[in-house]
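Below: the structure, in structure tokens.
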Protein chains: 2
Amino acid sequence: MAQPATNVALSHCAHDHEACITDALARADTVCRQQGLRLTAIRRRVLELIWANHQPTKAYDLLAQINAKRGNAAPPTVYRALDFLLEAGLIHKIESQNAFIGCAVDHERNQPKFFICRECGRAAEIQSSQIDDVIASEAQEAGFVVDHQTIEVDGLCAACAGAESTNS
Amino acid sequence: MAQPATNVALSHCAHDHEACITDALARADTVCRQQGLRLTAIRRRVLELIWANHQPTKAYDLLAQINAKRGNAAPPTVYRALDFLLEAGLIHKIESQNAFIGCAVDHERNQPKFFICRECGRAAEIQSSQIDDVIASEAQEAGFVVDHQTIEVDGLCAACAGAESTNS
DNA sequence: CTAATAGCGTTATCATATAACATCAAGGAG
DNA sequence: CTCCTTGATGTTATATGATAACGCTATTAG
């Protein structure tokens, strides 16, 4: 299963998945150029695979996908690329799944947060700053200095919830 | 390091740590009795260790602590106890650390959420329902059916932030 | 008492992640 | 251009986190 998730993605909404990948890579190129970061071949390839999968993807799955065509990269190759991409803000880690997903969001003001569907497996990054605001005020009240947030909401996405109620 | 965290805890606030452990165990006894769950010796011991550590504690650290005195339990022993305690709502998993912490909170209305200090390592469970409310409204708007939340805010607790600004 | 079942011990293995060191490639100083 | 520094990658080994599978034991319902 080299590129298993394309179908999953398309089963949901028929967006132009190719464009969504190339857009993400183009954005990554821009970001890296602006910040003097080197988006090397491996890093670019890992980012591409993450976007192609269109779901939170595990490090060892990425490794397998990289090695599917040719070669036999070792875990550090992937983890180093992931570290770089995380650092650059081009991907996020889904802590509750030990998996990684592409980021298409500007985090000047918002911290990452996700709705994760247990049915289709997809993780939607939500942008609202309301949650951040509430957390900020709660933190302030407690004298806690916020550094980083992990917000992952599991459940059923609208599409899957609809499908389920149709079945029953 | 059999019981390393007691000092850490006391370095912060001189609460009656013994009482806090025995209270937690008493509560656990009650909860289990009420729900027909069996808080066996091992499960009780694991819960006790988690409270004694007073910080998010890793499964293999618990294993080492169990084996410190006598015996040589294997990983499944600890993981089964942890699964039971999670299921019973007596502990939570801190996903960003693969660690476990005791729960002293009623989750009828609130989902678990934590402020985690990067300096002293302690995780404070916060009870406010504001965050839940905001997430609920965001979810509703998106048609997302919430099942479970992972909310972990990393940073500096009031005590450690104070200490740091004093030093500089 | 006895049968059913939940809990536990034990072994092996899978899954996730990193340490450490060798090698290579890109770009600046001379 | 060549040397040299530095950041990136290759490679091997290993640490850390979690579970599968199977058999024995202990609890408890009947």
Side-chain angles (χ1 to χ4, degrees), chain A residues 1 28-29 32-33 35-50 53 55-67 69-88 90-101 121 150 152, chain B residues 1 4 28-29 32-33 35-47 49-50 53 55-67 69-88 90-101 121 150 152:
Chain A
M1 43 177 264
D29 284 328
C32 289
R33 201 166 345 100
Q35 304 191 10
L37 302 172
R38 292 172 55 191
L39 189 64
T40 63
I42 294 177
R43 292 167 177 173
R44 206 165 189 282
R45 176 95 178 100
V46 168
L47 183 60
E48 183 189 4
L49 286 169
I50 287 176
N53 288 335
Q55 290 197 351
T57 306
K58 307 228 166 200
Y60 275 71
D61 289 345
L62 291 167
L63 188 56
Q65 293 178 343
I66 285 173
N67 289 336
K69 292 190 175 180
R70 49 180 161 156
N72 63 94
T77 297
V78 167
Y79 280 104
R80 284 194 284 236
L82 290 171
D83 285 344
F84 170 86
L85 295 169
L86 285 168
E87 189 75 21
L90 296 171
I91 63 173
H92 296 301
K93 181 171 186 179
I94 305 293
E95 297 286 355
S96 58
Q97 300 187 358
N98 297 318
F100 303 86
I101 191 165
T150 302
E152 298 169 10
Chain B
M1 39 176 265
D29 284 327
C32 289
R33 200 165 346 99
Q35 305 191 8
L37 302 173
R38 291 172 54 191
L39 190 62
T40 63
I42 294 177
R43 292 168 176 173
R44 205 164 191 283
R45 176 96 179 100
V46 168
L47 183 60
L49 285 169
I50 288 175
N53 288 335
Q55 290 196 353
T57 306
K58 307 229 168 198
Y60 274 69
D61 290 344
L62 292 168
L63 188 57
Q65 294 177 343
I66 285 174
N67 289 335
K69 292 190 175 178
R70 48 179 162 154
N72 61 94
T77 296
V78 166
Y79 280 104
R80 284 194 284 233
L82 290 171
D83 286 344
F84 169 86
L85 296 169
L86 285 168
E87 190 75 21
L90 296 170
I91 62 172
H92 296 301
K93 180 171 187 182
I94 305 293
E95 296 286 355
S96 59
Q97 300 186 359
N98 296 319
F100 303 86
I101 190 165
T150 302
E152 299 169 10

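Atom CZ in A:Phe84 sits 9.5 Å away from atom CG in A:Leu47 (nearest 0.5 Å). The CG atom of B:Asn67 lies 6.0 Å from the CG atom of B:Asn72; values are rounded to the nearest 0.5 Å.
As rounded to whole Å, 18 Å separates atom P of D:dG7 from atom CG of A:Leu39. What separates CZ of A:Arg43 from P of D:dG7 is a distance of 11 Å, to the nearest Å. Rounding to whole angstrom units, CG of residue B:Asp83 and P of C:dA6 are separated by 16 Å. Between the CG atom of A:Leu37 and the C1' atom of D:dG7 there is a distance of 12 Å, given to the nearest Å. One atom, CZ of B:Phe84, and another, C1' of C:dT5, lie 16 Å apart when rounded to the nearest Å. For the pair A:Leu85 CG and D:dT9 P, the computed distance is 10 Å after rounding to whole Å. For A:Asn67 and D:dT9, the CG to C1' distance is 14 Å, given to the nearest whole Å. Straight-line distance from the CG atom of B:Leu63 to the C1' atom of D:dA15: 15 Å, rounded to whole Å.
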Check the interface with nucleotides 10-16 of chain C: list each N/O to N/O pair with the protein under 3.5 Å, or write none.
from   : atom 1 : to      : atom 2 : distance (Å)
C:dT16 : OP1    : A:Lys58 : NZ     : 2.8

List every contact pair, protein side and nucleotides 25-30 of chain D side both N or O, where the distance is under 3.5 Å.
none

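At least one side-chain heavy atom of B:Leu82 sits under 4.5 Å from a side-chain heavy atom of B:Ile50. Between B:Thr77 and B:Val46, every side-chain heavy-atom pair lies at or beyond the 4.5 Å cut-off. Inter-residue side-chain proximity for B:Leu90 and B:Arg43 is flagged as unmet; no heavy-atom pair is nearer than 4.5 Å.
In this structure, B:Arg45 contributes its side chain and B:Ile66 its backbone to no donor-acceptor pair below 3.5 Å. For A:Lys58 (side chain) and A:Gln97 (main-chain N/O), a donor-acceptor pair under 3.5 Å exists by modelled atom type.
Under the rule for a side-chain hydrogen bond (donor to acceptor under 3.5 Å, both in side chains), the partners of B:Asp29 that lie at least two apart in sequence or sit in another chain are B:Arg44.
Neither side chain, A:Thr150 nor A:Glu95, offers a donor N or O lying under 3.5 Å from an acceptor on the other.
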